[in-house]
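Everything on this sheet refers to the single structure shown next.
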Amino acid sequence: MSGPLNAAVLGAAAVEFLHLAPAAVRLPPLRRTLARRTAGHGADPRHVALTFDDGPDPVSTPYVLDALDELGARATFFLLGAMLERAPDLGRELVLRGHEVAVHGWHHRQQWYPAPARDARELRRATEAVTDLCGVRPLWYRPPYGVLTAGPALAARRLGLRTVLWTAWGRDWTAEATGESVYATARPGLTGGATLLLHDSDCTSAPGSWRATLAALPALAAHCRTQGLVLGPLRDHAVPSTRD
């Protein structure tokens, strides 16, 4: 391999490494190390952060909102800009009902390959949409698929967003999901300081999978009550700063 070509290959590999390096927080050893910062483990031993991704969806989100009202629970909704643009009234309703809104990106796209200009542009666009259409400035960013790469990580930091993933999930996006399966999958992780990932839309999931989420909510809330835990949004979760 010639010198210039070798240098070009090494340079491309270095760019790819730097782009993917933040995604290492998904690996178990690093995820345990960074749990209190990026994975969403809160400092309050009595609190469980309830979060929903991929909305707002006019088909499914209203059912989730009604269920949360019945349970007396509030949550953080990570919104896709493209979805919010189509349902701005629903974004405002989330805030009016006492929920927290956060940023999930503009599109729900994979971020494996470097596109820093695009990533920064789309994340800024999504952040501005949440701010303008919901009437509040978001505090949090969660990358699609939980894959945090260098471009979005840097863009989020520049926008004043704190990146947070999750410590528990219900695998509620699959075609096989039921209320019972979502509850059984999530329950072991529902300990003090946990952040629970669910979905209020099936826009990137199996059609109708949100119904399993809806069916699981009463059992999840009941379990937390019996354990002396309070379901609530990330703003009440005391997540350690990633700047510490």
Problem - Beyond-backbone contact of L190 with Q227, side-chain heavy atoms, under 4.5 angstrom - result: no
Exercise for the section: Would you check if E93 and L65 make a side-chain contact, meaning some heavy-atom pair closer than 4.5 Å? Expected result: yes
Handout entry: Nearest heavy atoms of A216 and G179, plus distance in Å
Key = CB-O, 3.5 Å
Handout entry: Worked verdict on T51 versus L196 for side-chain contact (heavy atoms from CB on, under 4.5 Å)
Key = CA-CA 6 Å; T51 70; L196 174 61; 5.7 Å; no
Problem - Exam field: side chain E100 to backbone F77, donor-acceptor pair closer than 3.5 Å - result: no
Exercise for the section: Could you tell me which non-hydrogen atom of L231 sits nearest to which non-hydrogen atom of A221, and how far apart they are? Expected result: CD1-CA, 3.8 Å
Practice task
Quick one: sort the H237 and H47 rings into parallel, tilted or perpendicular, breaks at 30° and 60°.
Solution key: tilted
Practice task
Please confirm whether the backbone N or O of A206 pairs with a side-chain atom of S209, one donor and one acceptor, at under 3.5 Å?
Solution key: yes
Exercise for the section: Could you verify whether a donor N or O on one side chain and an acceptor N or O on the other, from D200 and T61, lie under 3.5 Å apart? Expected result: yes
Practice task
Kindly say whether T167 contributes a backbone atom to a donor-acceptor pair with the side chain of T195 at under 3.5 angstrom?
Solution key: no
Practice task
Check step by step if side-chain contact (heavy atoms from CB on, under 4.5 Å) holds for L159 and R124.
Solution key: CA-CA 7 Å; L159 290 166; R124 178 176 293 278; 3.6 Å; yes
Problem - Spatial distance of atom OG1 (T38) from atom CZ (R142) [nearest 0.5 Å] - result: 12.0 Å
Problem - Close side-chain approach of Y63 and W210, heavy atoms under 4.5 Å - result: yes
Exercise for the section: Could you please spell out the steps behind the salt bridge (charged side-chain N to carboxylate O under 4.0 Å, His left out) verdict for D69 and R74? Expected result: CA-CA 8 Å; D69 278 350; R74 295 297 174 262; 3.5 Å; yes
Practice task
Go through the side-chain N and O atoms of E85 and W106 and say whether any donor and acceptor fall under 3.5 Å apart.
Solution key: no
Handout entry: Check: D202 side chain, G208 main-chain N or O, donor-acceptor pair, under 3.5 Å
Key = yes
Exercise for the section: Test D53 against T204 for side-chain contact (heavy atoms from CB on, under 4.5 Å), laying out the working first. Expected result: CA-CA 10 Å; D53 283 8; T204 63; over 6 Å; no
Exercise for the section: Check the hydrophobic clustering (I, L, V, M, F, W, Y; side-chain heavy atoms under 4.5 Å; chains of links allowed) and say if L123 and L154 are grouped together. Expected result: no
Practice task
Could you tell me the separation between the OG1 atom of T213 and the CH2 atom of W173, rounded to the nearest 0.5 Å?
Solution key: 10.0 Å
Practice task
Would you check if the side chain of S181 reaches a backbone N or O of A177 as a donor-acceptor pair within less than 3.5 Å?
Solution key: no
Completion exercise
Heavy atoms of V48 and L229 approach each other most closely as CG2-CD1, 3.9 Å
Completion exercise
Separation between NE2 (H99) and CZ (F52), nearest 0.5 Å, reads 8.5 Å
Exercise for the section: Answer yes or no: is there a donor N or O on one side and an acceptor on the other, between the side chain of R92 and the main chain of C134, under 3.5 Å? Expected result: no
Completion exercise
The reported gap from NE2 in H104 to OH in Y145 (rounded to nearest 0.5 angstrom) is 8.5 Å
Handout entry: Side chain proximity check, P56 to L79, heavy atoms < 4.5 angstrom
Key = yes
Completion exercise
In this structure, OG1 of T127 is separated from CD of E122 (nearest 0.5 Å) by 11.5 Å
Problem - Donor + acceptor pair across side chains of R211, T178 (<3.5 Å) - result: no
Handout entry: L198-M83 co-clustered via ILVMFWY side chain contacts under 4.5 Å
Key = no
Handout entry: Crowding at CZ, R46 (>12 non-hydrogen neighbours, <6.0 Å)
Key = no
Problem - Hydrophobic cluster membership, V130 vs L96, 4.5 Å side-chain cutoff - result: no
Handout entry: Smallest separation among heavy atoms of A194 and G189, with atom names
Key = CB-O, 3.2 Å
Exercise for the section: Examine the side chains of H199 and D172 and answer whether a donor and an acceptor come within less than 3.5 Å of each other. Expected result: yes
Problem - Exercise: identify the closest heavy-atom pair between G170 and A186 - result: CA-CB, 4.2 Å
Handout entry: L50 side chain near L68 side chain, heavy-atom distance below 4.5 Å
Key = yes
Exercise for the section: Check whether the side chains of S201 and D54 place a donor and an acceptor atom closer than 3.5 Å, and report yes or no. Expected result: no
Handout entry: Common cluster, L71/L94, ILVMFWY with side-chain heavy-atom separation under 4.5 Å
Key = yes
Practice task
Using the rule that two of Ile, Leu, Val, Met, Phe, Trp, Tyr join whenever any of their side-chain heavy atoms come within less than 4.5 Å, decide whether L80 and L161 are in one cluster.
Solution key: no
Fill in the blank from the handout: What one should report as the nearest heavy-atom pair of Y141 and G105 is CE1-N, 4.2 Å
